[in-house]
Structure formats: structure tokens, C-alpha cells
Amino acid sequence: MIPLSEPTFDGNEALYVRQCIESGYVSSAGPFVGRFEDAFAQVVGAPHAVACASGTAALHVALQLSGEQPPRMVAVSTFTFIASANAATYTGAQLLLVDSEPDTWNMNTQMLRDHTVRSARMGKRIPDVIEVVHVLGHPADMEPLWELRDRFGITIVEDAAESLGAGWKSGTLAGQHTGTAGQMGCFSFNGNKIVTSGGGGMIVTADADLAAKARHLTTQAKKPGEVYVHDAVGYNYRLTNLAAALGLAQLERLPQRLRSKRAIAAAYNALLGDLPITLPPRAPWATPSHWLYTVLLRKRFESDELVAAMAANGIQMRRVWAPLHRQPPYRKTEILGGGEVADDLYWRGVSLPSSAHLDAAQQNEVCEAFRQTVLASTRRR
Ligand SMILES: *Cc1c(COP(=O)(O)O)cnc(C)c1O
């Protein structure tokens with residue numbers, strides 16, 4: 001079986017994890033947490049980084065500290081993994097879902113800007129936080145959001161869980177990594193992400209005060225220097241030394257991982273470019289990470305058929321997420337733009353095997369099976 005996405009361990013992973021075990025520091029004390037945070041801050045170009053137990057935990061804490069602290073209304077893309085919305089819901093905020101734009105599949109930020117300006121003019125409630133997801137490793141178009149931040153004081157938080165290594169090439173964010181555009185950015189080190197710690201997350205920010213508050217909340221709101229004194233309701237959201245050891249070793253190999261992901265995407269583009277499908281987005285102003293190579297099929301009914309046919313060939317593919325407005329907990333949530341673009345992505349979107357260690361022979365095998373299946377389906381209809 002060629003899997004959809006598997007982690008690659010070819011660096012110091014075993015060495016660092018063994019050091020944890022030999023030193024006895026497997027839990028949240030120990031040197032790897034700080035080393036991982038410092039190295040991560042350096043890689044994305046953020047002044048502060050706070051490690052968390054998961055990407056969802058990172059988002060929860062970041063959102064809790066945003067807007068009206070906690071936020072009252074969070075705008076989030078409807079086309080994302082459900083954790084983006086759940087983290088906002090944990091804070092008690094009301095959600096405003098936003099449809100995607102067809103060019104990058106991310107939140108339609110222009111539509112959100114126009115809607116917010118209009119709502120403000122009519123005296124209606126506007127979001128105090130915008131949670132921008134960089135879907136599948138392609139950065140979102142942030143430019144329309146600056147007006148909202150500057151005019152209405154809206155806080156921008158980035159869900160950069162899928163976009164470690166991605167950034168902007170031009171515009172106001174030229175040269176910056178995703179996660180550093182908003183007040184806080186959150187990453188995930190779940191097993192299928194580009195860097196994994198088994199499970200884990202990171203908050204990055206330029207604001208030292210916010211970093212300190214985030215660290216406080218992730219550590220049971222314990223007062224520093226005192227024993228069992230807690231000045232708020234905090235969370236047990238710390239990352240363990242064991243996980244940080246794995247994460248640090250993985251982070252050291254990020255340049256290699258990104259090179260592989262980009263080479264895999266380029267090869268897929270070349271091998272599949274003549275088929276009746278839509279290749280992954282690539283805006284001229286963006287440097288995507290190509291975390292999970294995803295294409296759109298021609299027709300809605302082809303997705304399930306294709307995934308099944310590929311599985312019969314020993315190749316694991318997966319349809320993209322059902323948008324939030326189709327998930328039971330969020331079916332009644334207000335959705336800006338109706339959700340038609342996100343629905344279309346959901347019906348036609350499929351991800352191809354994207355492990356960084358996928359070799360050329362495997363990739364040719366995937367493309368050959370994919371081509372036969374797509375062409376057979378085209379002939380049949
Ligand atoms: C993976 C992911 C998360 C959650 O991260 P965990 O570490 O699994 O909690 C959040 N948002 C997006 C967009 C993700 O892909």
C-alpha cells in the first residue's frame with residue numbers, strides 16, 4: 001500500500017528521544033521543550049514560541065487571548081479541518097463561517113472585508129477575531145484584512161497547522177512565513193503534518209506579554225516561583241520533553257522535507273497536467289509548502305469512485321474535508337457567501353500520496369493508476 005502521508009524519520013529522532021529516557025526527563029520538565037521552542041521561533045522568524053500539547057490546544061489558548069479576551073465572535077473559513085472551529089467554540093465565541101475563494105481555496109477575505117464594513121455601517125455586530133487558516137499549505141490572501149484590523153481593531157489569529165514552511169513572496173508580507181502575519185500563529189505537530197512530535201502544537205507571536213500569558217494558561221495558570229498557587233482557570237496543555245525531542249529532530253530536517261514536498265508537487269503537476277482535473281492552487285504572491293497534494297476532479301460523482309479504484313490498486317487517496325457548515329455541530333452556524341465554493345471543493349477535491357519519502361517509482365505508479373482511472377471515468381460519462 002502506498003499511504004496518503006507518513007512521517008519520515010531520518011535525523012536525530014532516536015538519539016534525542018533516547019536522551020530523554022536516559023536522563024529521566026520524559027514529562028514537561030527537561031531541556032528539549034525550550035530548545036524546540038527556540039529553534040521553531042528561529043525557523044518561522046517569530047520572536048516568541050510557546051509549545052503546546054496539540055495544535056488544537058495552541059489555537060484554543062491563542063483565541064482565548066484574542067479580541068475581547070475571550071472573543072465574542074470569531075470568523076473562520078468553512079473549508080478547513082474541524083479543529084479550527086472547535087478551538088473557537090471552546091472559548092464560548094459565536095462563529096461566523098466564511099466561504100472559500102476559488103483561487104487559493106482559503107477564506108474569501110475580500111468578501112469578509114466587504115461584509116464587515118457593511119455590517120459596521122449598519123450598526124450590526126462584527127467579528128472581534130478573524131481566524132485565518134492556510135489550507136493545505138497555501139497561504140491565504142491577507143491584504144484585505146489589514147483594513148479590518150486597522151479600522152475596527154479586529155484581531156487576526158492564524159491557523160498555520162498545515163503550512164509550516166509556507167509564506168508570502170510579495171505584498172505587505174513579502175518574505176514572511178505563515179504564522180507571523182497575525183497577532184498569533186498556531187502550528188500542529190500531529191503525525192500527518194510536515195514536522196511531527198507524535199502530537200503537539202506551537203503558538204508564535206511577536207508580543208512578549210501575550211507569549212507569557214499563553215505560557216501561563218498552558219501550565220494550569222500556576223504562579224511562577226510558587227507551589228500550587230494558581231491565579232486563573234488554566235489548562236494542562238504543556239508539551240512533554242519526549243514529544244519536544246522528537247519535534248526538534250524533525251524540525252532540523254524541515255529544509256529536506258520542504259524540498260521533497262515541492263519536488264513531489266512539481267512532478268505531479270508535470271505528470272498529471274494534461275488530465276481533465278484542476279491542479280493545486282499556486283498564487284503568484286505565495287510560496288506554498290505543498291503539504292498534501294490535492295486536485296479537483298471534473299465532476300462531483302467521481303471522487304468516491306476514484307478513491308475506491310485507487311485503493312484497489314494499493315494506493316491510498318482521500319477526499320478533502322466536508323466543510324464546517326456540513327458538520328453536525330456547525331450546520332446552523334451563519335455562513336457568509338453560502339458555502340458553494342467550499343462545497344464544490346468538497347465534492348471534487350482528492351488528495352494524492354504526499355509522504356516526503358515517496359520515491360519516483362512510487363509516484364509514477366500513483367500517476368499511472370490515477371490516469372487510467374480518470375480517463376476510464378471520462379470515457380464512461
Ligand atoms: C491538524 C490541524 C489542526 C489541529 O492540530 P492537532 O495537533 O491535531 O490538534 C488544526 N487546524 C488545522 C487546519 C489542521 O490541519
Side-chain angles (χ1 to χ4, degrees), residues 1-10 79 81 102-106 134-139 162-166 191-196 253-284 286-321 344-381:
M1 191 83 183
I2 300 179
L4 183 70
S5 180
E6 265 185 342
T8 305
F9 299 118
D10 60 357
F79 184 64
F81 180 56
D103 291 346
T104 69
W105 307 354
N106 284 306
H134 306 295
V135 170
L136 298 166
H138 192 296
E162 300 171 2
S163 66
L164 177 55
N192 66 357
K193 300 299 191 320
I194 196 160
V195 157
T196 184
R253 303 288 293 165
L254 179 63
Q256 286 82 356
R257 292 298 91 82
L258 285 167
R259 242 192 328 261
S260 306
K261 292 276 187 187
R262 288 177 176 142
I264 288 168
Y268 273 140
N269 283 346
L271 291 164
L272 305 175
D274 62 316
L275 291 174
I277 58 173
T278 305
L279 299 180
R282 179 165 198 154
T287 312
S289 63
H290 295 291
W291 166 61
L292 201 55
Y293 187 88
T294 303
V295 300
L296 304 182
L297 302 176
R298 203 178 41 129
K299 295 255 165 64
R300 164 179 184 174
F301 50 75
E302 289 173 346
S303 318
D304 284 328
E305 266 177 30
L306 180 107
V307 170
M310 294 293 281
N313 281 296
I315 295 161
Q316 188 188 19
M317 288 189 47
R318 188 178 292 163
R319 290 185 57 186
V320 297
W321 328 273
D344 184 54
L345 298 172
Y346 165 51
W347 286 323
R348 298 197 292 131
V350 288
S351 302
L352 282 80
S354 303
S355 303
H357 54 263
L358 187 75
D359 65 29
Q362 289 173 315
Q363 201 172 9
N364 284 328
E365 188 186 328
V366 171
C367 289
E368 197 42 45
F370 185 84
R371 169 177 299 279
Q372 297 308 332
T373 312
V374 167
L375 293 180
S377 161
T378 310
R379 275 195 300 272
R380 263 203 314 281
R381 309 280 170 183

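No side-chain donor-acceptor contact under 3.5 Å links Thr104 and His138.
Contact record, Ser354 with Ile264: O-CD1, 4.5 Å, taken as the closest heavy-atom pair. Of all non-hydrogen atoms in Thr196 and Pro7, the two that sit nearest each other are CG2-CB, 3.9 Å. The two atoms that bring Ser351 and Val320 nearest to each other are OG-CG1, 4.2 Å, heavy atoms only. Taking every heavy atom of both residues into account, Gln316 and Leu4 meet most closely at OE1-N, 2.8 Å. Closest of all the heavy-atom pairs between Leu306 and Met317 is CD2-CE, 3.4 Å. For the pair Gly349 and Leu296, the tightest heavy-atom approach, listed with the atom from each and the gap, is CA-CD2, 3.7 Å.
Heavy-atom neighbours of Arg318 CZ from other residues, nucleotides or ligands within 6.0 Å: at or below the threshold of 12.
Within the 4.5 Å cutoff, the side chain of Pro276 has heavy atoms near those of the Val374 side chain. In this structure, Thr287 and Pro139 have side chains that are not in contact, with every pair of non-hydrogen atoms separated by 4.5 Å or more. Side-chain contact between Leu292 and Ser5: present, with at least one pair of heavy atoms (C-beta onward) separated by less than 4.5 Å. Annotation: side chain of Ser260 is not in contact with side chain of Leu358 (no heavy-atom distance under 4.5 Å).
Partners of Arg253 according to the salt bridge (charged side-chain N to carboxylate O under 4.0 Å, His left out) rule, which considers only residues two or more places apart in sequence or in another chain, are Asp10. Not counting sequence neighbours, the partners of Val366 by the side chain to side chain contact (heavy atoms under 4.5 Å, CB included) test are Ile2, Tyr268, Met310, Ile315, Leu352, Pro353.
Put simply, CZ on Arg300 and OH on Tyr346 are 8.5 Å apart, with the number rounded to the nearest 0.5 Å. Summarising the geometry, atom CZ belonging to Arg259 is positioned 10.0 Å from atom CZ belonging to Arg257; distances are rounded to the nearest 0.5 Å. Taking CG from Asn313 and CZ from Phe370, the interatomic distance works out to 12.5 Å, rounded to the nearest 0.5 Å. Atoms NZ and OH, from Lys261 and Tyr293 in turn, are 13.5 Å apart once rounded to the nearest 0.5 Å. For the atom pair NE2 (His134) and CG (Leu164), the distance works out to 11.5 Å, reported to the nearest 0.5 Å. Rounding to the nearest 0.5 angstrom, the gap separating the NZ atom in Lys299 from the CD1 atom in Ile277 is 14.5 Å.
Panel note: side chain Glu305, backbone Glu302; no donor-acceptor pair is recorded below 3.5 Å. Side-chain atoms of Trp105 never come within 3.5 Å of backbone atoms of Pro280 as a donor-acceptor pair (strictly under, hydrogens ignored).
Among residue pairs with one or both ends in residues 274-283, those qualifying as salt bridge (charged side-chain N to carboxylate O under 4.0 Å, His left out) are Asp274-Arg371; sequence neighbours excluded.
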